[in-house]
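Before any comments, here is the structure.
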There are 2 protein chains.
Amino acid sequence: MEREAFASLERISDVIGSGYGSSSSLVLDRERGELVKAPSKLEHKGVCHERSIEALRNHSEAERRRRARINSHLDTLRTVIPGANRKMDKAALLAEVIGHLKELRANATQACEGLMIPKDYDEIKVEEQEGGLNGIPYSIRASLCCEYKPGLLSDVRQALDALHLMIIRAEIATFGGRMKNVFLIISCNEHNFEDAEYRHFLSGSVHQALRSVLDRFSVSQDILATRKRRRISIFSSDFL
Amino acid sequence: MEREAFASLERISDVIGSGYGSSSSLVLDRERGELVKAPSKLEHKGVCHERSIEALRNHSEAERRRRARINSHLDTLRTVIPGANRKMDKAALLAEVIGHLKELRANATQACEGLMIPKDYDEIKVEEQEGGLNGIPYSIRASLCCEYKPGLLSDVRQALDALHLMIIRAEIATFGGRMKNVFLIISCNEHNFEDAEYRHFLSGSVHQALRSVLDRFSVSQDILATRKRRRISIFSSDFL
DNA sequence: CCAAACACGTGATCC
DNA sequence: TGGATCACGTGTTTG
């Protein structure tokens with residue numbers, strides 16, 4: 001019964017004396033396929049097995065509760081996942097969960113990339129549109145992210161109008177109380193758009209105009225900006 | 001079904017003879033706190049334990065592989081979930097997975113219901129708006145689902161203008177080459193909106209106007225209507 | 001020391 | 001039969 005024991009061995013079972021027996025462990029040495037004595041660190045020789053029984057009972061009950069929690073969550077996962085037939089491997093179920101999770105995540109990111117979702121922080125970006133767009137030699141692409149305000153568009157329009165600029169296309173996305181606008185802006189007048197300095201001046205003017213509009217709106221409601229996003233509604237429209 | 005055979009019993013341990021001993025099981029009767037002999041159905045007295053050992057080895061190895069699969073999936077879940085700190089309970093992790101799954105699903109459905117996604121088939125719906133909206137005594141809510149056409153809005157506006165009607169609010173959603181528009185329409189003139197017959201006439205006129213606009217647009221592109229939807233971009237805007 | 005969490009080996013069960 | 005999956009009780013570890 002006493003043989004060597006170490007590295008790659010597997011516990012087979014434990015012996016508990018019928019009444020208050022002494023405890024010892026047996027393990028299976030995998031390479032040799034023999035049963036050997038386990039190297040138990042706590043070799044409580046022959047003690048305290050009236051208490052031990054209650055401890056074991058608590059332990060097993062706790063473990064059962066743990067398993068119940070996990071399996072309960074697995075069951076609810078089975079109901080949440082669309083293709084979750086009631087009889088499915090735990091592993092297969094988890095794989096399915098991973099798949100659906102990635103799919104939903106891909107959809108979300110895809111919906112956010114074509115038209116990004118408003119950020120939590122205010123942001124103004126102005127950049128010259130590369131290459132003439134639709135026969136328009138020069139245009140500015142400006143994006144403005146801020147708290148949702150229905151009347152903001154007309155204000156932006158007015159501010160740009162004062163600069164003799166015009167919005168020829170706008171995309172507006174609202175999301176949980178915030179909004180992101182992307183404007184395509186052109187100049188009403190004829191100008192020398194080859195002049196880099198003038199283009200830079202235009203961009204700066206647009207940025208300044210948007211900033212002033214945003215400042216006018218973002219005076220009262222600031223604390224609620226960090227609220228959690230619950231409702232989602234992304235819209236858009238094309239004006240002409 | 002018979003999984004719970006030992007309903008109120010807990011197996012404590014199994015005894016395996018030193019070399020090729022006979023096997024027997026001990027269980028803990030939970031109510032009495034005593035160790036009793038387990039009701040083993042396969043009481044292989046003293047047989048075949050050269051093979052049994054190999055069988056056990058295969059069994060335990062298979063079980064280890066199974067655990068590895070499950071835990072592997074759990075690990076990948078830990079990486080997929082945003083708030084998945086590497087050290088998290090299995091149960092807590094699964095709960096988090098369920099939470100994120102429901103959140104994503106809620107987002108998806110909510111994004112589709114608040115502003116429905118365009119159907120694959122063309123559709124025109126006109127209905128009287130219940131209850132005065134924002135002090136407006138009477139209004140018509142019309143929805144139009146069709147192939148995406150940027151210039152459709154102005155055509156609708158013109159058609160309604162001929163009826164002395166006005167769009168006071170519009171929501172436009174585009175999705176994979178199709179679009180769904182919801183218009184809130186009021187009459188420019190003062191009328192007796194208590195007259196049910198007149199209201200019915202108005203609804204019919206709106207429907208007819210939308211139909212004519214839709215017919216004008218849906219002449220050339222019909223076959224591609226049943227294309228699969230890949231890109232998602234839902235937008236909206238409020239005009240004023 | 002206890003409580004919780006995990007991996008392990010095993011008996012039972014299903015196909 | 002055998003392979004695969006599950007629930008169980010236990011040993012071990014961590015805080």
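Letters go in sequence order (proteins before strands), and every chain restarts at 1. Small disclaimer: the values here were computed from a predicted structure and weren't measured.
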Whole angstrom is fine here: how far is it from [atom1] in [X] over to [atom2] in [N]?
| X | N | atom1 | atom2 | result |
| --- | --- | --- | --- | --- |
| B:Glu61 | D:dG3 | CD | P | 12 Å |
| B:Arg67 | D:dT5 | CZ | C1' | 12 Å |
| B:Leu93 | C:dC6 | CG | C1' | 14 Å |
| A:Leu56 | D:dC8 | CG | C1' | 13 Å |
| A:Lys87 | C:dT13 | NZ | P | 15 Å |
| B:His73 | D:dT5 | NE2 | P | 12 Å |
| B:Asp75 | C:dC6 | CG | C1' | 12 Å |
| A:Arg57 | D:dC8 | CZ | C1' | 16 Å |

May I ask you to check whether over 12 heavy atoms, not counting those of A:Gln208, lie within 6.0 Å of atom CD?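 No, CD of A:Gln208 has 12 or fewer neighbouring heavy atoms, counting only those of other groups under 6.0 Å.
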From C-beta outward on B:Ile70, which listed nucleotide comes closest to its side chain: D:dC6, D:dT10, C:dG9?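 Taking heavy atoms from C-beta onward, the closest nucleotide is D:dC6.
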Answer yes or no: is there a donor N or O on one side and an acceptor on the other, between the side chain of [X] and the main chain of [Y], under 3.5 Å?
| X | Y | answer |
| --- | --- | --- |
| B:His73 | A:Ala91 | yes |
| B:Ser60 | B:Leu56 | yes |
| B:Asn181 | B:Leu144 | yes |

Are B:Asn71 and C:dC6 close enough that a side-chain N or O sits under 4.0 Å from OP1 or OP2?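 For B:Asn71, the contact criterion (side-chain N or O under 4.0 Å from OP1 or OP2 of C:dC6) is not met.
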Rounded to the nearest 0.5 Å, how far does CE of A:Met179 lie from CG of A:Leu153?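 It comes to 7.5 Å.
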Short heteroatom pairs, N/O only, protein and nucleotides 3-5 of chain C, under 3.5 Å:
unit_1 : atom_1 : unit_2  : atom_2 : d
C:dA5  : OP1    : B:Asp89 : OD2    : 2.5
C:dA5  : OP2    : A:Arg69 : NH2    : 2.9
C:dA5  : O5'    : B:Asp89 : OD1    : 3.0
C:dA5  : O3'    : B:Asp89 : OD1    : 3.1

Sequence neighbours left out, what passes salt bridge (Lys or Arg N to Asp or Glu O under 4.0 Å) with B:Arg211? Give chain and number order.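 Scan of B:Arg211 (salt bridge (Lys or Arg N to Asp or Glu O under 4.0 Å), adjacent residues dropped) gives B:Asp215.
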